[in-house]
Amino acid sequence: MKVPVQPISEAAFGENLATSIDVHRLVSIFRRRLKLFIAVTALIFTAAALITFQQVPQYTAVARVLIDQRKEQIVADQSVTSGLPDESSAVDTETEILRSRSVADPEWTGSKNGKGLLSGLIGWVSPRNTTAPDPQIEHQKVVDRLLLGLTVARANNTFLIDVAYTSPRPSDAAKFANLFANAYITDQIAAKYQATQRATEWLNTRLGSIRKQVNEAEAGVQAYKASHNLLSSQGATLTEQEISSLDQQLAIARAQQAEQEARLATAKSQLARGSTGEDVGEALNSPVVQSLRQQRALASQKVADMSGRYGDRHPDLLKAKRELADIDTQIHAEITRIISNLEAQAQVARQHTRSVEGSVSQTRTTLAGNNQAGVKLNELQRNADAANTLYQSFLDRFKQTTAQQGMEQSDARVISPASIPTTPSEPKIMLDLMLGLVAALIGAMVALILAEIFDSGLTTADDIEHDFGLPALGSIPSLDSVVDEDQTANLPAPYDYIVQKPLSGFAETFRTLRSSLLLCRTGRAVKLVAITSSLSDEGKTTTSFCLARISALSGDKTIVIDCDLRRRGFNSFVPEDHEEGLIEVLSGKRKVEEVTLSDPGTGATILPLGRSPYTPRDLFSSAAMEQLLTELSKKYDLVILDAPPVLAVADARAIVHRADAVVMLVKWRSTPRKAVESSLKILQGADAYVAGIALTRVNQRQQSKFGYGDPAYYYGSYEKYYTS
């Protein structure tokens, strides 16, 4: 069945949180584990102190390197390797480079012949031996030894890097710190020089191949021009120049043709209108016609003069008229010749125009072919231009790179060389001791927690109720924990102490147990009480006898029956000559009154087992046992059955089944929880009514350090209330 979840208010949440974190319980745990806590703390702190004071003093020298963003611009050309970007990640990257093995390469620590610092380090790292060392192994050892004392860190969020070196000798610390800082700068310059050198060599090699490509491309362009008649002058091909000239000639020819045809058409038009041709422009401009016209004018004047003086038939007049007519004939013939000449000129102009047009057409055909060939020529030219441009850019870059060789600058500089330290950096005695103390406290807490985890026993009433859901009937202390220390030497037995000190706190615990038992079942009288445990030696017999005595002292008619056939613990309370007991009663040999004994101190009745080793089978499951318990419960106010351990003996199941209430005894901080859990399952299977669990042999002084809220927690407050 699923339980509905109710909303939790803030107040309830705070209360639950305070409940889950029980401060008082934590304090009580600390109190009872105080000796363990102190011991572990002292042990760890002592070890930390010994380690601290035995450490060899170490000295740390620091050289500060600046990642400089300002560069000297000796030449304006771009460098082969760019400077570091103005980013925080760049400084972090340089920090990692500075602590890398490449900077720590021992080649920079000594000369080429291996003398000096490098050879000293090799002797320092590797002990001398008879066999020749492997150079590579020795090399790696030197690098590892160098890196051992190196610490590289960025100074906050600045462009500063602190190069620290730690060594037992102050002079070595300063020396190696400066060596690492300078080696880093030297490595930067060397890297840039090598990059520039590689770039120069590559550009030089590349220039040779590109130069060859340029020459081949340009030669291909010229060869293609020659083979396809694409030779040019002043930016245009010969065909283009020729067609331009022909176009000009064609325009002139067409203009001349139009002029000649216009003059011819005008003359013909004048003649068609009845003109004699004298008014034709070419006739007017002809010197022959002009001379003939002068002659005609004179002849005409002569005819007119003679006509006035002579008659029409006068021979001189006729002669003059014949001369005039002859002049007119000559003029007409000359005009006819002029018209014919105009036709001839027009025909020549038309032929000239057709000739020029033919040349233009032929040249245009040639130009069209040249234009088609020019497509391939343009491609070849573009390739040649691209190769030439690439060659020029590589050539310029080669000259720039060559000029930059020897002018490489580092992106960093040492702004504060390391000085020889005067005080050791390690060990930091106070800090190490504080850390040791913290570690000791943490270790002690861990030990305390582990001790609690592995403590499988029950300690408080809260443990009983929380783990098993049963009432805690009480805590029965060990007698020596409730008396003064000066009284522990001559202490009587616990069952005698409660008679001698009936008002003591020890006796009060049994009264509490008795009251809890009598009231454990509402509406039903509890007379038959079985007392058992999970294992042996948990104080079962002592508790039974003490409970019987307390009950008798309280006025109850009480009998305690020894039901543990194997231990027969009550035989130590009866005279040695008492040989018979419970077994004889159940077998019918004796009556109860014949074998019971009266406790002289309290009047409680004891029914022992007797001293006979004979044990019949199914003794406690018999009808005789049931009848006996029925009779005793009528006769006595309280019948206490001292039953055997549940896990050890099967008889316990038959005994607890007949009891009105069962008390499970658990030895304080000793009996495992699993054993108690198994016992309770057995009791449940036997249909026994378990009234609760009582703790036995409780150290009352230590118990006061356990669970806040447990009655024993306040033992110090009410200890003096009781009469010792």
Side-chain angles (χ1 to χ4, degrees), residues 52 54-68 84 90-128 133-156 158-194 409-429 431-432:
T52 299
Q54 288 180 354
Q55 289 182 2
V56 177
Q58 300 289 325
Y59 295 85
T60 301
V62 180
R64 178 158 287 189
V65 176
L66 171 64
I67 304 298
D68 199 353
L84 295 176
V91 184
D92 295 334
T93 302
E94 293 303 307
T95 302
E96 295 300 324
I97 293 175
L98 225 164
R99 64 165 63 100
S100 65
R101 296 180 69 89
S102 60
V103 176
D105 195 319
E107 292 180 358
W108 58 265
T109 62
S111 57
K112 294 182 179 179
N113 58 8
K115 302 296 183 181
L117 183 58
L118 176 60
S119 58
L121 282 175
I122 293 178
W124 182 26
V125 174
S126 300
R128 295 182 179 180
D134 187 348
Q136 292 183 352
I137 296 178
E138 295 300 317
H139 181 89
Q140 294 299 324
K141 287 182 178 180
V142 172
V143 175
D144 295 338
R145 183 64 184 87
L146 283 173
L147 290 174
L148 205 60
L150 178 65
T151 302
V152 182
R154 182 182 179 185
N156 298 325
T158 65
F159 286 87
L160 297 173
I161 300 176
D162 290 334
V163 182
Y165 199 88
T166 302
S167 173
R169 292 182 290 184
S171 58
D172 286 349
K175 180 192 301 182
F176 283 112
N178 290 325
L179 280 174
F180 268 98
N182 294 326
Y184 167 68
I185 296 174
T186 303
D187 180 71
Q188 276 199 344
I189 296 175
K192 289 189 174 183
Y193 177 81
Q194 293 174 3
Q409 301 179 53
S410 173
D411 294 319
R413 59 189 177 93
V414 179
I415 62 171
S416 177
S419 58
I420 298 177
T422 57
T423 57
S425 58
E426 294 179 2
K428 297 180 177 62
I429 296 178
L431 178 60
D432 290 349

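Smallest separation of non-hydrogen atoms from Thr52 and Ile429: CG2-CA, 4.1 Å. Pairing each heavy atom of Pro170 with each of Pro168, the nearest pair is CD-O, 3.9 Å. Scanning both residues, Ser425 and Thr166, for their nearest heavy atoms gives OG-CG2, 4.4 Å. Considering all non-hydrogen atoms of both residues, Pro421 and Ala61 come closest at CD-CB, 3.9 Å. Shown here for Ala177 and Tyr165, the closest heavy-atom pair between the two residues is N-CB, 3.8 Å. Pro427 approaches Gln55 most closely through the heavy-atom pair CB-OE1, 3.0 Å.
Evaluation of the side chain to side chain donor-acceptor pair (under 3.5 Å) rule for Gln54 yields no partner, not counting sequence neighbours. Every residue two or more places apart in sequence or in another chain was checked for a side chain to side chain donor-acceptor pair (under 3.5 Å) with Asp432, and none qualifies.
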Q) Passes side chain to side chain contact (heavy atoms under 4.5 Å, CB included), Val163 versus Leu150? Steps please. A) CA-CA 7 Å; Val163 182; Leu150 178 65; 3.9 Å; yes

Q. Going through the checks in order, is the side chain to side chain contact (heavy atoms under 4.5 Å, CB included) test met by Leu160 and Ile415?
A. CA-CA 9 Å; Leu160 297 173; Ile415 62 171; 3.4 Å; yes

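Separation of atoms CD (Glu96) and CZ (Arg154) is listed at 12.0 Å; rounding is to 0.5 Å. Note that CZ of Arg169 and CZ of Phe176 are 8.0 Å apart. Values are rounded to the nearest 0.5 Å. In this structure, CZ in Phe180 is found 10.0 Å from OG1 in Thr151, a value given to the nearest 0.5 Å. Going from atom CZ of Arg64 over to atom CG of Asp162 covers 4.0 Å, rounded to the nearest 0.5 Å.
Formation of a donor-acceptor pair under 3.5 Å by the Asn178 side chain with backbone atoms of Ala418 is found in this model.
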